[in-house]
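Down below is the structure, laid out as structure tokens.
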Amino acid sequence: MSDFNLRQSAPLDPAHPDRNLGMELVRATEAAAIKASAFIGRGDKNQVDGAAVDAMRGFLATVDFAGTVVIGEGEKDEAPMLFNGERVGNGNGPECDVAVDPVDGTSVTAAGRSHGISVIAIADKGSMYNPQDVFYMDKLVTPGVGAGKVSLKQSVAENIRELARALNKPVSEITVAMIDRPRHRGLMDEVRAAGARTRLFLDGDVAASILAVTGGGNIDMLLGTGGAPEGTIAACAIKALGGYMEGRINPLSAQELERATAAGHDFDRIFTANDLVSSDNTYFVATGVTDGLLLNGVSRHGNIVRTESMILRSHSGTIRRISADHQADRWLPAAPNGAW
């Protein structure tokens with residue numbers, strides 16, 4: 001376990017989430033990841049999600065806070081979900097906004113592919129933007145040096161040139177991550193025409209957003225259209241890491257456009273991470289489900305199930321990585337077909 005304090009932490013009001021909360025929340029993402037791991041490669045993403053949701057809900061009920069789910073998971077896929085407005089925690093302690101994705105990357109997990117993670121993000125009550133009635137958002141994420149240099153209002157080529165200059169790298173060494181979707185074919189062509197490289201993810205742009213800030217996998221930027229709820233979740237991590245992010249609502253269907261228009265969304269507004277999460281006291285907690293560039297997935301070693309997690313806290317700038325061993329017979333007695 002490593003702990004890097006990037007700036008001095010000031011005392012917090014007891015009404016706000018304190019430093020112990022992240023260590024409690026990681027138990028919930030560990031539980032969700034372990035339970036979901038029984039369904040890796042079994043082809044049913046709803047089984048993955050259902051197992052993770054049940055485990056996460058159960059562990060959240062034991063945590064000392066009064067949380068309200070502002071961003072629930074599963075709505076757009078009609079999957080099992082921790083629903084918007086659901087109360088979580090044991091009711092003791094600070095009131096918080098909660099964003100959950102019990103498995104970000106249910107499809108890749110069900111297929112046995114990389115980069116599935118279990119995620120919880122927490123912030124002070126009333127500070128999270130809820131992109132209700134909208135499932136998709138254009139996103140741009142870079143390290144902090146991108147602030148004032150890149151923008152969704154600029155062309156892809158200009159963003160790449162400006163970021164390369166800020167990072168003191170040649171354009172040819174800039175790598176842009178995006179989700180591998182038909183809607184991004186033109187974007188891929190623009191990145192390559194500008195002289196940069198692409199790094200394609202099958203699903204789950206929360207992990208890719210973090211990698212764009214930290215430089216993991218040699219990634220320098222995330223671009224493309226992904227889940228709007230995941231944008232708010234990623235913003236909690238990006239604020240802790242000192243990265244830069246922009247988002248813009250982008251309905252991808254006539255039905256979504258109609259709902260978003262009725263809800264009064266501004267399709268031209270450019271959101272920053274501070275717009276998506278106004279609090280400076282955010283937590284981002286994630287545990288790997290399947291192996292990826294960000295986190296190792298759940299693995300079995302005899303009677304030991306091993307997990308890898310990360311906890312990010314914006315108030316203190318603390319980044320923790322936690323490897324934990326769990327006794328398998330206490331976690332996975334009911335795995336399908338006798339599997340672990």
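These figures come from a predicted structure and were not determined experimentally.
Taking Asp325 as the reference, Arg306 meet the salt bridge (Lys or Arg N to Asp or Glu O under 4.0 Å) condition, with sequence neighbours excluded. Applying the side-chain contact (heavy atoms from CB on, under 4.5 Å) rule to Asn303 yields the partners Arg300, Gln327, Ala328, Asp329; only residues at least two apart in sequence or on another chain are considered. By the side chain to side chain donor-acceptor pair (under 3.5 Å) test, Thr272 is found to be paired with Asp275, residues two or more places apart in sequence or in another chain being considered. Annotation: side chain to side chain donor-acceptor pair (under 3.5 Å) contacts of Gln47 (sequence neighbours excluded): none. With sequence neighbours left out, Tyr129 forms a ring-ring contact (aromatic ring centres under 6.0 Å, His included) with Phe271. Here Thr198 pairs with Arg192 under the side chain to side chain donor-acceptor pair (under 3.5 Å) rule; sequence neighbours left out. Under the rule for a salt bridge (Lys or Arg N to Asp or Glu O under 4.0 Å), Glu256 has no partner lying at least two apart in sequence or in another chain. Applying the salt bridge (Lys or Arg N to Asp or Glu O under 4.0 Å) test to Asp97 and every residue at least two apart in sequence or in another chain returns nothing. In this structure Tyr244 satisfies the ring-ring contact (aromatic ring centres under 6.0 Å, His included) test with no other residue, sequence neighbours excluded.
Put simply, the side chain of Thr290 gets close to the backbone of Gly116: a donor and an acceptor are under 3.5 Å apart. No donor-acceptor pair under 3.5 Å is formed between the side chain of Glu95 and the backbone N or O of Lys125. The closest donor-acceptor contact from the side chain of Glu86 to the backbone of Phe83 lies under 3.5 Å. No donor-acceptor distance shorter than 3.5 angstrom exists from the side chain of Thr106 to the backbone of Val103, with no hydrogens or angles considered.
Each salt bridge (charged side-chain N to carboxylate O under 4.0 Å, His left out) pair with one or both residues in residues 136-163, not counting sequence neighbours, appears once here: Asp138-Arg248, Lys139-Asp205, Glu162-Arg165. Applying the salt bridge (charged side-chain N to carboxylate O under 4.0 Å, His left out) definition to pairs two or more places apart or across chains, none involves residues 60-72. Applying the ring-ring contact (aromatic ring centres under 6.0 Å, His included) test to pairs two or more places apart or on separate chains, those with a residue in residues 158-204 are His115-Phe201.
Side chains of Thr287 and Thr29: a donor on one and an acceptor on the other come within 3.5 Å. Using a 3.5 Å distance cut-off with no hydrogens or angles, the side chains of Thr282 and Ser314 do pair a donor with an acceptor.
Across all their heavy atoms, Ser114 and Val108 have their closest contact at O-CG2, 3.4 Å. When all heavy atoms of Gly288 and Leu295 are compared, the closest pair comes out as N-CD1, 3.6 Å.
Using a 4.0 Å cut-off between charged side-chain N and carboxylate O, Asp180 and Arg185 make a salt bridge. Salt-bridge formation is detected for the pair Arg181/Asp203: a Lys NZ or Arg NE/NH1/NH2 atom is positioned less than 4.0 Å from an Asp or Glu carboxylate oxygen.
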**Message:** Thr68 vs Arg87, test: side chain to side chain donor-acceptor pair (under 3.5 Å). Steps then yes/no.
**Reply:** CA-CA 5 Å; Thr68 300; Arg87 300 286 291 179; 2.5 Å; yes
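Taking 4.5 Å as the limit, every side-chain heavy atom of Ile71 sits out of range of all side-chain heavy atoms of Val100. No side-chain heavy atom of Ile160 sits under 4.5 Å from any side-chain heavy atom of Val150. Residues Thr142 and Asp220 are not in side-chain contact: their nearest non-hydrogen atoms beyond the backbone lie 4.5 Å or more apart.
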